[in-house]
Each structure stands twice: as C-alpha cells, then as structure tokens.
Asker: 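Would you mind keeping the following structure in view while I ask a few things?
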Amino acid sequence: MIGLALSGGGSRAIAFHLGCLRALNDVGLLEKIGVLSTISGGSVIGAYYAYTPEKSFDEFDSNICAFLREGFQRRIVLELIKPRNLVPCFANFVAAHVCAAAGRVMKGTPSLQRYPSRTDMFYRVLHRDLFHGLIMSSPRRHDLEVVIGACELRTGSAFRFGSNRTGGWRHGQLADGQIDLAFAVAASAAYPILLPAFDRTWRFVKKSEESYQRVLLTDGGIYDNLGLQVLEPGRDAEVSLHTFPCDYLIACNADEGQQPGFALPTAFFARVVRSFETVHRRVQESTMHRLHHLKEAGKIKAFALPYLGQQDSKLPWKPGSLVPREEVIDYPTDFAPMSKSWIEKLANRGEQLTRATVSYYLRDIL
C-alpha cells in the first residue's frame with residue numbers, strides 16, 4: 001500500500017500540496033494511493049480532493065486555486081459579524097473566561113463549554129462552501145482511506161477523524177461516527193493562538209465500555225504536523241484505532257525549514273510564537289529522520305519527501321526551472337487571500353520537488 005501524508009501550514013500548505021498532487025497525478029501515482037493522512041492546511045486540500053470524486057482533477061485544481069485567491073479570513077469574519085452569530089459568540093467568550101477564572105480561584109474544572117466560537121464560524125464556512133452534506137464516511141476517490149488529524153488538549157494526545165472510525169487511544173472510538181467532514185477539517189486546522197479549540201462532550205466506546213468524555217480539539221500540527229505517525233508500520237491495532245500496512249510513503253511537508261536567524265522576538269507574543277515554532281520544527285525534524293530509520297530497518301520499501309524548506313543543493317537532481325527555496329519560505333501560514341503569482345510559485349515548487357524525489361526514490365513503482 002502507498003500512503004500519502006499532507007502536512008499543515010495554512011494556505012501555504014494548500015498551494016504547495018496542490019503542486020505535489022499535480023505531479024503525483026501526472027506520473028500516475030495519485031490513483032494508486034491507498035491511504036491519505038492530513039493535517040491542518042493539508043486537511044483542507046486533502047479532504048476536498050478525496051471527497052469530490054465527481055470532479056475531474058482539472059476541476060479540483062481550478063477550485064482550489066479559487067479558494068486560495070479568496071482565502072478564508074474574510075469569509076470567517078463575515079460569518080462572525082452576523083447578528084445571530086456575533087452576540088452568542090461574544091457572550092460565550094466572556095462567560096467562558098469568567099468561568100475559567102472562577103475555576104482557578106476555586107480550584108475546580110470550568111463547567112461552561114466554549115460554544116459557539118470563531119472556530120465554529122470557520123466550521124460553518126467550510127460546511128457551506130466546500131463540504132456541504134459530506135460526512136467522514138461519504139464516498140471518496142478510489143475508495144481512499146482518509147485520516148484527518150487533530151490534537152486533544154485535555155490529554156495532550158492525538159485525535160483522528162477517519163473514514164471508518166474516529167477517536168483516539170485515550171478515550172477510545174467515537175460511538176456515533178457520523179462526523180461532518182467540515183467539522184473534522186476545522187478541528188484539524190484550528191491554529192490555537194488564533195482559533196479556540198472545539199469544546200464538545202461525546203460518547204466513546206473503549207474495550208466494550210461506554211463513557212461520555214469532554215474533549216478539546218485543536219490543530220493537529222501540535223501533535224504531528226506531518227501526519228506521518230498514523231502511516232508508520234508497527235502500530236499496535238489493539239491500541240491504535242488507525243493502522244495501515246504501508247510499503248511506500250510520500251510525505252509532503254510545507255514547513256519552511258531552518259530559520260535564517262534575523263528575527264528578534266523580544267515582545268511577549270513574538271516570543272510565544274517563536275517558541276512554539278521552534279518546538280514544532282524540532283518535532284518535525286525528528287519525524288523526518290524517522291523516515292530514514294524505517295527505510296534502513298526494512299520496515300518500509302521506500303519513501304519520498306517533497307519538502308518546501310528543502311536545501312536545494314541536497315536534491316537528488318535539480319530541475320532547471322526550480323523555484324528557489326529562498327523565494328517561498330517566508331510566505332505566512334495564515335488563510336489570507338493569496339495572489340495568483342504566489343499560488344503558482346508555491347505550487348510549482350511543490351510540483352518540481354515531488355517530481356524530483358518521486359522519480360528518484362520511488363522509480364520502482366512508477
């Protein structure tokens with residue numbers, strides 16, 4: 001089986017992954033993918049690809065470009081300022097913070113759940129404009145297995161929405177698996193500094209026992225920004241809800257890589273963001289190194305790693321028209337509108353890197 005992972009990274013990741021998918025489609029590998037694992041921005045494009053089997057690849061490509069040009073920020077704001085949304089969102093925001101403060105004083109657990117919030121507005125936009133009427137078990141291209149990764153903040157563990165089952169090892173499997181696709185994507189892409197975690201109470205089944213658990217779901221990139229863990233061999237099916245026997249892995253990574261060291265994050269918010277990014281990058285580097293260990297140990301046959309932050313000099317071969325790393329790594333990871341030139345620049349680098357790495361490392365399955 002071939003496993004494909006699409007990393008997080010907001011709109012930058014969507015554009016980069018669009019190029020990766022273009023290359024995989026052109027060389028005939030895309031239709032051979034057996035399981036798709038996505039995180040954050042990768043979840044937006046990955047879910048749209050997987051759950052629109054009625055669209056040709058060209059239609060899919062055109063629609064993604066249109067979504068990128070418009071962005072999601074304006075749509076979220078327009079949804080939020082509707083009177084029926086703004087008032088309850090603001091009221092809940094105030095009440096939740098008062099309840100949290102009271103909980104700290106009384107040394108108790110805040111009972112008020114955060115609903116609705118800005119993340120619910122993101123969910124409604126995705127449901128209306130991209131994934132209307134779709135649930136995780138809806139029909140998919142080539143009967144793809146799909147796993148959309150999020151992070152559960154109460155337990156600090158992975159929470160994964162799957163086309164067959166949803167949940168995590170701490171709570172077990174969600175008893176009602178009919179989760180909206182848009183909800184799963186919004187949870188996966190809810191960057192915690194800007195978007196509150198989804199706060200829900202659901203019924204789970206673990207070892208034949210049912211229980212109601214309160215979960216806080218946020219950006220899957222906190223736990224595994226590459227989405228690779230679920231595809232790695234050796235996962236215990238008695239513990240993990242999602243295990244796949246992948247022989248070949250394709251990991252598309254939209255991270256910018258090593259920082260040049262010119263920033264001066266002295267302000268509080270800048271320090272918090274840079275600290276988060278540093279820990280985040282270290283975890284990603286460890287995951288990428290693990291790919292090499294899996295290959296060396298014979299646990300997978302081969303892998304390809306199209307990596308936005310790739311040092312161009314270390315490519316197995318360098319396309320003559322390669323978009324240089326330095327031209328794209330500083331593009332932000334938000335969901336702001338993206339110009340046509342930026343879309344093509346990021347997508348072209350994704351396409352070029354995918355062609356270079358796949359043709360060299362996966363040539364036996366082309």
Side-chain angles (χ1 to χ4, degrees), residues 6-17 38-45 47 67-68 70-82 85-86 88-97 100 113-130 148-154 156 159 182-200 215-225 227 254-256 259 263 265 267-281 283-284 330-338 342:
L6 302 179
S7 78
S11 291
R12 182 180 71 200
I14 298 175
F16 179 75
H17 295 329
T38 68
I39 299 291
S40 193
S43 294
V44 177
I45 184 171
F67 297 146
L68 285 169
E70 184 174 348
F72 290 102
Q73 289 183 348
R74 178 175 174 273
R75 287 190 255 191
I76 294 172
V77 171
L78 289 177
E79 191 69 25
L80 179 62
I81 62 176
K82 293 178 181 178
N85 294 330
L86 183 60
C89 277
F90 180 74
N92 185 266
F93 172 82
V94 174
H97 281 76
Q113 290 188 283
R114 188 75 186 271
Y115 174 83
S117 69
R118 295 186 303 278
T119 312
D120 288 285
M121 302 304 106
F122 184 30
Y123 161 44
R124 293 176 188 180
V125 168
L126 291 173
H127 184 272
R128 182 191 67 216
D129 297 344
L130 274 75
I148 296 175
C151 178
E152 205 287 290
L153 287 178
R154 296 196 72 191
F159 190 98
F183 184 92
V185 173
S188 179
Y191 187 65
I193 296 178
L194 301 175
L195 293 173
F198 278 127
D199 191 346
R200 299 292 191 269
V215 294
L216 299 178
L217 302 174
T218 193
D219 194 320
I222 295 175
Y223 191 86
D224 174 20
N225 194 51
D255 187 68
E256 72 272 26
Q259 295 288 341
F268 173 76
F269 185 75
R271 293 199 311 271
V272 170
V273 171
R274 180 49 68 97
S275 298
F276 178 83
E277 290 175 343
T278 300
V279 173
H280 190 71
R281 186 169 300 109
V283 173
Q284 287 197 119
D330 291 329
Y331 194 88
T333 60
D334 55 26
F335 287 109
M338 185 182 294
W342 267 111

Asker: Distance from Asn225 atom CG to Asp219 atom CG, nearest 0.5 Å?
Answerer: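 The CG atom of Asp219 is 7.0 Å from CG of Asn225, to the nearest 0.5 Å.
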Asker: Look only at the side chain of Asp199 and the backbone of Leu216, and say whether a donor-acceptor pair between them is shorter than 3.5 Å.
Answerer: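 Here the side-chain-to-backbone pair does not exist.
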Asker: Just wondering, do Phe67 and Ile14 contact through their side chains at under 4.5 Å, heavy atoms?
Answerer: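 Side-chain contact under 4.5 Å: no.
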Asker: Apply salt bridge (Lys or Arg N to Asp or Glu O under 4.0 Å) to Asp120 and list each qualifying residue two or more places apart in sequence or on a separate chain.
Answerer: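 Only Arg200 meet the salt bridge (Lys or Arg N to Asp or Glu O under 4.0 Å) criterion with Asp120.
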Asker: Using the salt bridge (Lys or Arg N to Asp or Glu O under 4.0 Å) criterion, which residues pair with Arg74? Sequence neighbours excluded.
Answerer: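 If we apply the salt bridge (Lys or Arg N to Asp or Glu O under 4.0 Å) test to Arg74, skipping adjacent residues, there are no hits.
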Asker: Let me know which of Asp129, Val125, Val77 forms a side chain to side chain contact (heavy atoms under 4.5 Å, CB included) with Phe72.
Answerer: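 Output: one option passes, namely Val125.
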Asker: Of Arg75, Glu79, Lys82, which meets side chain to side chain contact (heavy atoms under 4.5 Å, CB included) against Met121?
Answerer: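 Among Arg75, Glu79, Lys82, the one meeting side chain to side chain contact (heavy atoms under 4.5 Å, CB included) with Met121 is Glu79.
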Asker: To the nearest 0.5 Å, what is the distance between OH (Tyr191) and OG (Ser40)?
Answerer: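 Tyr191 atom OH to Ser40 atom OG measures 9.5 Å (nearest 0.5 Å).
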Asker: Looking at every heavy atom in both Met338 and Ser11, which two are closest together, and how far apart are they?
Answerer: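 Looks like CE-O, 3.5 Å.
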Asker: For the rings on Phe122 and Phe335, is their centre-to-centre separation under 6.0 Å?
Answerer: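 Yes; Phe335 has its ring centre under 6.0 Å from that of Phe122.
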Asker: Less than 4.5 Å apart, any side-chain heavy atom of Val215 and any of Arg154?
Answerer: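 No, side chains not in contact.
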Asker: Treating Thr38 as the side-chain partner and Leu6 as the backbone partner, does any N or O pair qualify as donor plus acceptor under 3.5 Å?
Answerer: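 No, the answer is negative, given that no donor and acceptor are paired below the 3.5 Å cut-off.
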Asker: With the side chain counted from C-beta on, respond yes when Arg124 and Asn85 share a heavy-atom pair under 4.5 Å apart, and no when they do not.
Answerer: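 They are in contact (side-chain heavy atoms under 4.5 Å apart), so the answer is yes.
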Asker: I need the minimum non-hydrogen distance between Arg114 and Phe93, along with the two atoms involved.
Answerer: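 Smallest interatomic distance, heavy atoms only, reads NH2-CD1, 3.0 Å.
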Asker: With side chains defined as the heavy atoms from C-beta onward, is the minimum distance between Pro196 and Arg118 less than 4.5 Å?
Answerer: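 A side-chain contact exists here, since the closest heavy-atom pair is under 4.5 Å.
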Asker: Which heavy atom of Ala197 sits nearest a heavy atom of Leu153, and at what distance?
Answerer: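 Residues Ala197 and Leu153, closest heavy atoms: CB-CD1, 4.0 Å.
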Asker: Any side-chain to backbone donor/acceptor pair from Gln113 onto Tyr115? Under 3.5 Å, distance only.
Answerer: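 Side chain of Gln113 to backbone of Tyr115: no pair is present.
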Asker: Between Ala47 and Val185, which heavy-atom pair has the shortest distance, and what is it?
Answerer: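 Minimum heavy-atom contact is CB-CG2, 3.7 Å.
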Asker: Do side-chain atoms of Ser7 reach the backbone of Ala254 as a donor and acceptor pair under 3.5 angstrom?
Answerer: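 Confirmed, Ser7 side chain pairs with Ala254 backbone.
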Asker: Parallel under 30°, tilted from 30 to 60°, perpendicular over 60°: which one fits the rings of Tyr123 and Phe198?
Answerer: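 The arrangement is perpendicular - the two ring planes meet at more than 60°.
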Asker: What pair of heavy atoms forms the shortest contact from Ser43 to Ser188, and how long is it?
Answerer: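 Closest pair (atom of Ser43, atom of Ser188, distance): OG-OG, 2.8 Å.
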Asker: Please name the pair of heavy atoms, one in Leu195 and one in Ala189, separated by the smallest distance, quoted to 0.1 Å.
Answerer: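 So the minimum-distance heavy-atom pair works out to CD1-O, 4.2 Å.
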Asker: May I ask you to decide if Thr119's main-chain N or O and Ser117's side chain share a donor-acceptor pair within less than 3.5 Å?
Answerer: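 Checking the backbone N and O of Thr119 against the side chain of Ser117, a donor-acceptor pair under 3.5 Å is found.
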